[in-house]
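Please read the structure below before turning to the comments.
In each ligand, atom 1 is the first atom listed, and ligand 1 is the first ligand listed. These numbers were taken from a predicted model, which means no experiment stands behind them.
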Amino acid sequence: MAKGPPDTLASLGESYPGPLIRLRRGQRIRARLENRLPEDTTVHWHGLHVPPNVDGQPRLPIKPGESATVAFDVDDRAGLYWYHPHPHGPNGGRVGFQSYAGLAGPLIIEDETERALDLPVGEQEMVLVLQDRSFAGDNELTFVGGMGSMMRGFLGNRVLVNGRPPETREIGPQPYRLRILNGSNARIYKLAWSDGRPVTVIGTGGGLLAAPQRYPYVTLAPAQRVDLWVDLSEARVGDQLALVSDQYRSGMMGGMGGMGGSGLPAGARFELLPLRVTHRAHGGQPLPEVLDSGLKTPPVTPDTPIRTFDLTMKMMRGFAINGRQFEGTTVADEEVVALGDTEIWEFVNASMMPHPMHVHGLQFAVIERKRIDRQRGWSGLEAGLVDAGQHDTVLVLPGERVRIALTFTDFDGLYLYHCHNMEHEDNGMMRYYRVRA
Ligand code: C2O
Ligand code: CU
Ligand code: CU
C-alpha cells in the first residue's frame with residue numbers, strides 16, 4: 001500500500017501466507033506491485049468489483065523486474081476477500097504454484113453497516129486461512145504436478161492454518177467470530193464442530209447474510225470464504241472444542257488418494273482449530289437477529305435470459321467449459337454480455353469432479369441448485385452448501401446444475417470466469433467473458 005492508516009496491513013504469522021489487508025468501503029487505494037520473481041505474475045483482488053485493467057488478469061502480467069501501480073475505489077460490502085497471483089502463459093497457468101509458494105493472502109473490507117452490529121473484534125475475531133501443503137523430509141515445501149494433480153487438483157499431506165500446523169488456542173467464555181478463507185489449491189473442507197453443535201453462519205464471500213443461518217456443517221470450496229459465529233459464553237474453564245474438517249466421500253476411486261500419493265486424501269477428517277477455555281471473561285454480546293436488512297439480489301424475472309455452461313472432461317487434457325479451454329483473450333459469441341444486464345448463468349457438471357466456479361468482477365446470488373445426474377461417488381457435502389447471501393465462487397458438485405443470477409454493472413471490458421480448483425484453472429478450465437457497453 002502506498003500510504004494509509006497503520007492497521008491497513010497486519011501479519012498473520014510469519015510471512016506465509018501474505019499479510020492481512022484491511023480496507024474500508026469508500027476508500028480509494030493505491031498499491032505498488034513489484035515483481036522480484038524470475039517469472040511473470042499479477043495481483044488479482046478476488047471478489048472485488050474493480051475495473052478490468054486493475055483486476056490482475058493474465059493479459060496484463062507484470063514482468064520480472066518490473067513494477068506496476070494500481071488504484072481503485074473500494075466499492076464492496078464489508079467482508080473477507082483475498083488476493084492472489086493470476087499469471088497464465090503459453091504453457092499454462094501459474095496460479096496454483098505461485099499461490100502455493102506464498103503469494104496469496106486475505107483482505108478484509110469494513111463498512112458502516114457492519115460496524116453498527118458491534119460484532120466481536122480483537123481477540124474475539126479470528127481470521128483463518130486454510131491451506132494444505134506437502135513437506136519433504138527436510139520440511140521443505142514440495143509441489144507435485146502431473147496427471148493426477150491435473151485431474152484432481154493438488155492435495156497436500158498436511159493442513160496449515162495461517163501458515164502453521166493447527167495449534168490449540170486459549171480462549172475465554174465469549175462469542176467468537178471466525179472468518180475463514182479456503183486458500184487451498186483444490187481441497188474442499190467440511191467445517192464442523194467436534195461436539196456436533198450446529199455451525200452458525202453470518203456471512204459468505206460477498207459479506208454478511210441478511211440473517212444468521214445454522215447448518216449441520218459448512219462446505220467450503222477453494223476460494224470461498226465463510227463468516228462463522230460461535231458462542232462460548234456458557235463454557236467453563238477447562239472446556240475444549242475444536243473446529244474440524246469432517247469426513248465425506250470424494251469420488252469413485254476411494255478419494256483418488258492413490259493418484260497423487262497424498263497422505264491426506266480428499267474427505268479425510270482432521271482438526272483445524274482446537275480451542276480451550278483457559279480464562280474467565282465477560283462481555284458476551286448476543287448474536288444479532290438481523291445482519292443486513294438491505295441485502296439485495298439481482299432482479300430476476302421470468303424473462304431473464306439463461307446462459308448454460310457445461311463443465312466436462314477433456315481426455316488427457318483436464319476440463320473444459322462448453323467444450324472450450326483457455327484461449328487468451330479470445331471470447332466466443334456466447335461469452336459476451338451487455339453492461340447493465342441481469343442474466344442467469346447455469347453451470348451443469350457432467351464430470352467426475354466438483355468445480356468451484358468463480359466469476360470475476362462481481363458478486364452473484366445462487367438461485368437454484370438441482371441434482372440432475374449421478375453424483376459419481378461424491379457425497380456428504382450437500383447439507384453444508386451455503387447458497388444464501390452473495391458469492392463470487394459457487395461449488396458445483398458432480399451431477400448438479402446450479403443457477404446463479406448476476407448483474408454486470410459499472411465496468412465494461414474483459415473479465416474472467418473459471419473453475420477455482422487452481423489445477424483445473426491452470427490447465428485451461430478458464431475463459432474470458434466480455435461486458436459490452
Ligand atoms: Cu481467485 Cu480468477 O480468481
Ligand atoms: Cu477472482
Ligand atoms: Cu474444476
Side-chain angles (χ1 to χ4, degrees), residues 17-18 41-52 54-61 72 76 79-88 93-96 98-100 103-107 129 131 149-155 181-188 205-206 221-225 250-251 256 266 309-314 317-322 325-326 347-364 376 378 390-398 400 402 406 414-433:
T41 192
T42 77
V43 179
H44 167 55
W45 313 97
H46 180 117
L48 268 57
H49 179 56
V50 295
V54 297
D55 189 41
Q57 300 169 8
R59 68 192 166 87
L60 298 166
F72 58 84
D76 289 278
L80 173 60
Y81 302 84
W82 63 306
Y83 56 91
H84 63 78
H86 221 310
H88 198 108
R94 296 285 276 170
V95 178
Q98 290 187 6
S99 303
Y100 188 87
L103 286 187
L107 184 156
V129 181
Q131 293 169 312
S149 148
M150 178 170 110
M151 298 310 295
R152 182 205 55 202
F154 175 87
L155 293 176
L181 157 67
N182 182 351
S184 308
N185 289 41
R187 185 177 297 272
I188 298 169
Q224 291 188 308
R225 290 84 66 204
S250 61
M256 293 191 277
F309 299 92
D310 283 316
L311 313 177
T312 55
M313 195 159 88
K314 278 220 159 191
R317 286 184 47 207
F319 297 92
I321 305 173
N322 282 343
Q325 291 192 314
F326 193 61
F347 298 109
V348 180
N349 187 353
S351 80
M352 56 193 281
M353 284 293 299
H355 300 292
M357 298 304 296
H358 170 48
V359 185
H360 277 223
L362 48 80
Q363 294 287 326
F364 53 74
R376 299 179 187 259
W378 286 82
Q390 291 195 327
H391 301 264
D392 49 61
T393 308
V394 63
L395 182 62
V396 188
L397 291 167
E400 280 189 331
V402 174
L406 13 61
L414 289 170
Y415 286 102
L416 293 161
Y417 68 106
H418 58 86
C419 178
H420 221 293
N421 176 314
M422 293 183 190
E423 282 63 50
H424 293 182
E425 161 184 3
D426 281 344
N427 287 294
M429 197 179 189
M430 172 164 75
R431 299 281 305 173
Y432 271 102
Y433 73 97

Side chains of Q363 and D76, donor plus acceptor under 3.5 Å: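 Short answer, no.
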Taking all atoms of both residues into account, what is the closest heavy-atom pair of L406 and F364, and its distance?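 Answer, listing the atom of L406 first, then F364: CB-CB, 4.0 Å.
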Test side-chain contact (heavy atoms from CB on, under 4.5 Å) on F319 and M151; report intermediate values, then the result. CA-CA 8 Å; F319 297 92; M151 298 310 295; 3.7 Å; yes
Could you check H46, H86, H49 and say which one makes a ring pair (Phe, Tyr, Trp, His ring centres under 6.0 Å) with H360?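 Of H46, H86, H49, ring pair (Phe, Tyr, Trp, His ring centres under 6.0 Å) with H360 is met by H86 alone.
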Which N/O/S atom belongs to H358 and is the closest one to the Cu ion (ligand 2)?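 The Cu ion (ligand 2) is closest to the H358 atom NE2, counting only N, O or S.
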So does H44 have any N/O/S atom less than 2.8 Å away from the Cu ion (ligand 2)?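 True for H44.
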With a cut-off of 2.8 Å, which protein N/O/S atoms are close to atom 2 (Cu) of ligand 1, if we only count those under it?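 For atom 2 (Cu) of ligand 1, the protein N, O and S atoms that sit under 2.8 Å away are H86 NE2, H360 NE2, H418 NE2.
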Report yes if the distance between the aromatic ring centroids of W82 and H420 is under 6.0 Å, otherwise no.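 Yes, close enough.
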If you apply the rule ring-ring contact (aromatic ring centres under 6.0 Å, His included), what do you find for F347 with H355, and how did you get there? CA-CA 9 Å; F347 298 109; H355 300 292; over 10 Å; no
Checking H88 against H418 for the ring-ring contact (aromatic ring centres under 6.0 Å, His included) test, could you report, in this order, the C-alpha distance in whole Å, the side-chain angles of both residues, the deciding distance, and whether it holds? CA-CA 13 Å; H88 198 108; H418 58 86; 9.7 Å; no
